[in-house]
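Beneath this line is the structure, given in structure tokens, with notes to follow.
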There are 2 protein chains.
Amino acid sequence: MKKERELYREFLKSKDLKFTKPRLIIMEAVFENHEHFNVDDLYEQIRKKHKNVSRATIYRTVPLLVESGLIKQSLRCESKDIYEHTYGHENHLHFICVNCGKIIESGFNDVAELINQLAEKKKFKISEYNLGARGLCENCQKNKEQS
Amino acid sequence: MKKERELYREFLKSKDLKFTKPRLIIMEAVFENHEHFNVDDLYEQIRKKHKNVSRATIYRTVPLLVESGLIKQSLRCESKDIYEHTYGHENHLHFICVNCGKIIESGFNDVAELINQLAEKKKFKISEYNLGARGLCENCQKNKEQS
DNA sequence: CACTTTAATGAGAATGAATCTCAACTGCAC
DNA sequence: GTGCAGTTGAGATTCATTCTCATTAAAGTG
Ligand SMILES: [Mn+2]
Ligand SMILES: [Mn+2]
Ligand SMILES: [Zn+2]
Ligand SMILES: [Zn+2]
């Protein structure tokens, strides 16, 4: 549980950035649970305990967490950027139900291998990818049939 | 070359939507070339010939083109939604250079097959997917090495 | 522990893509 | 042609994200 914190601290040091209280608070909030999140969620969550952390600082800190490799930008939802952990999580893809908004995750290994092969062909050096598919989840398919 | 127009007309009729002049102008502009585009690009392009088509109408029409299946929403670029043709184009994925913004396309067939298998396992009915990888193109890799 | 320097922060203003409003206009069915 | 519901243009509005700037605090120094 402390590993992320150390990685983060090292990252900040390597970039000559200060290890400040807000940066710690934000990072800890991010790793309090393992759900996808957007900046607004995070802001609300943090505000419950720390009334003085500003939205601006969260917007400034999230890209640092991305750059550190602890989290990544994921699919967009309701016109907000959303993020998810990378540290401690397998690569995976998302199935997003256009009807109810449900997000289903699925393993990725075989797909990842293929993508790497394709990238190699194009001499492209991948740092990060996102795969999101839209469609209907099981429930919504059933509900559609009835109506 | 007229095929898209007919499909579009049929789509509009099937939805009880009128086949109006602005809707035609916008659709023709979209198919004037085969590049990825965003609404702003499209607006500028259309304005050269038609001074009276409003941005609002373009924003209203693009989702119709998406729903008709002629185009799809693709990756996001410079915080704008971007779109690309689906009609007459193979499924493909994008490699986006974070350094110079270059977009490289690559065939998708094997990947698509795997994804379909995964979706089937989750009983998810895919209507559309996007795969975008960020990283460095060949040129930018070389330039980075030097500096 | 002061002291100093410089980056970081909070609050609110600004930006800008996307959406909404509403009076004027137009397809299109009759 | 007439009528009417759907559509449009122009500008206002929304809202996620970014920016500004006066104030604060990290972290090195002695
Ligand atoms: Mn996920
Ligand atoms: Mn493409
Ligand atoms: Zn659903
Ligand atoms: Zn490049």
Side-chain angles (χ1 to χ4, degrees), chain A residues 5 8-30 36-68 71-83, chain B residues 5 8-30 36-68 71-83:
Chain A
R5 188 174 158 154
Y8 188 40
R9 171 175 244 139
E10 277 168 31
F11 166 77
L12 291 173
K13 180 162 280 178
S14 80
K15 288 269 173 182
D16 273 316
L17 298 170
K18 292 174 183 171
F19 191 65
T20 64
K21 209 176 293 181
R23 281 182 181 154
L24 178 58
I25 288 168
I26 292 164
M27 184 277 224
E28 284 181 339
V30 163
H36 299 157
F37 65 94
N38 61 41
V39 171
D40 238 41
D41 298 338
L42 195 52
Y43 179 74
E44 293 305 332
Q45 184 188 337
I46 288 169
R47 274 288 168 138
K48 284 178 192 159
K49 299 210 164 190
H50 303 94
K51 297 287 181 215
N52 54 340
V53 174
S54 87
R55 199 172 240 110
T57 301
I58 300 178
Y59 271 107
R60 284 185 286 233
T61 301
V62 162
L64 292 179
L65 286 164
V66 170
E67 203 189 340
S68 77
I71 68 174
K72 64 176 278 199
Q73 196 170 357
S74 180
L75 23 92
R76 211 151 201 276
C77 202
E78 293 165 329
S79 61
K80 291 170 194 159
D81 286 339
I82 86 167
Y83 300 88
Chain B
R5 187 173 157 154
Y8 188 41
R9 171 175 245 138
E10 277 167 31
F11 166 78
L12 290 173
K13 179 162 280 178
S14 79
K15 288 269 169 181
D16 274 316
L17 298 170
K18 293 175 180 169
F19 191 66
T20 63
K21 209 176 291 177
R23 283 181 180 154
L24 178 57
I25 289 169
I26 291 164
M27 182 280 224
E28 286 181 336
V30 163
H36 300 158
F37 64 94
N38 61 42
V39 170
D40 238 44
D41 296 339
L42 195 53
Y43 178 74
E44 291 306 330
Q45 183 189 339
I46 288 169
R47 275 289 169 137
K48 284 179 191 158
K49 298 208 164 185
H50 303 94
K51 298 287 181 212
N52 55 340
V53 175
S54 87
R55 199 172 242 110
T57 302
I58 299 178
Y59 272 107
R60 283 186 286 236
T61 302
V62 163
L64 293 178
L65 287 164
V66 171
E67 203 188 339
S68 78
I71 68 175
K72 64 176 278 201
Q73 196 171 358
S74 180
L75 24 93
R76 219 156 192 270
C77 201
E78 293 165 327
S79 61
K80 291 170 195 160
D81 287 338
I82 86 168
Y83 300 88

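Naming convention: chains lettered A, B, ... in sequence-line order (proteins, then strands); numbering from 1 in each chain.
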query: For Leu64(B) and dT19(C), what is the distance between atoms CG and P respectively, to the nearest whole Å?
result: 13 Å
query: Would Thr20(A) and Leu12(A) count as a side-chain contact (heavy atoms from CB on, under 4.5 Å) if you check the C-alpha gap in whole Å, the side-chain angles of each, and the deciding distance to 0.1 Å?
result: CA-CA 10 Å; Thr20(A) 64; Leu12(A) 291 173; over 6 Å; no
query: Looking only at heavy atoms, what is the nearest atom pair of Phe11(A) and Leu64(A), with distance?
result: CE2-O, 3.5 Å
field: Length of the line joining Asp41(A):CG and dA16(D):P, which is rounded to integer Å
entry: 11 Å
query: Between Lys15(A) (NZ) and dA8(C) (P), how many Å, whole number?
result: 12 Å
message: Counting only side-chain nitrogens and oxygens, does Arg23(A) get under 4.0 Å of the OP1 or OP2 atom of dT9(C)?
response: yes
- prompt: Does the side chain of Arg47(A) pick up a donor-acceptor pair with the side chain of Tyr43(A) at under 3.5 Å?
  reply: yes
field: Partners passing side-chain hydrogen bond (donor to acceptor under 3.5 Å, both in side chains) against His50(B) (at least two apart in sequence or in another chain)
entry: none
query: Are the side chain of Arg9(B) and the backbone of Phe19(B) linked by a donor-acceptor contact shorter than 3.5 Å?
result: no
Distance in angstrom units between Lys80(B) NZ and dT17(D) C1', rounded: 15 Å
query: Ile82(B) has an atom CD1; how far is it from atom P of dA18(C), in whole Å?
result: 11 Å
statement: Result for 5'-nearest mapping on DNA chain C, choosing between Asn38(B) and Arg47(A), is Arg47(A)
field: Set of side-chain hydrogen bond (donor to acceptor under 3.5 Å, both in side chains) partners for Asp81(A), sequence neighbours left out
entry: Gln73(A), Arg76(A)
- line: Considering only heavy side-chain atoms of Tyr59(B), the closest of dA16(D), dA17(C), dT8(D) is dA17(C)
- prompt: In whole angstroms, how far is the C1' atom of dT17(D) from the CZ atom of Arg76(B)?
  reply: 10 Å
query: CG of Leu24(A) versus C1' of dA8(C): gap in Å, rounded?
result: 15 Å
message: For a quick check of understanding: with a heavy-atom distance under 4.0 Å over all strands, which category does Asn52(A) fall into, base, sugar-phosphate or nothing?
response: sugar-phosphate
message: Which nucleotide wins on minimum distance to the side chain of Val39(A), given the candidates dT17(D), dG9(D), dA18(C)?
response: dT17(D)
query: Could you run down nucleotides 21-30 of chain C 5' to 3' and tag each one B, S or - for protein heavy-atom contact under 4.0 Å?
result: B-----BS--
- prompt: If you pin Thr57(A) and Pro63(B) to their nearest nucleotides in DNA chain C, which one's is more 5'?
  reply: Thr57(A)
- prompt: Base, sugar-phosphate, or nothing: which does Asp81(B) touch, judged by heavy atoms less than 4.0 Å apart?
  reply: sugar-phosphate
- line: In whole angstroms, the gap separating P of dA11(C) from NZ of Lys51(A) amounts to 12 Å
task: Go through the steps to decide whether Asp40(B) and Arg55(B) satisfy the test side-chain contact (heavy atoms from CB on, under 4.5 Å), and finish with yes or no.
output: CA-CA 8 Å; Asp40(B) 238 44; Arg55(B) 199 172 242 110; 3.1 Å; yes
- prompt: Contact class for Asp16(A) (heavy atom, under 4.0 Å): base, sugar-phosphate, or nothing?
  reply: nothing
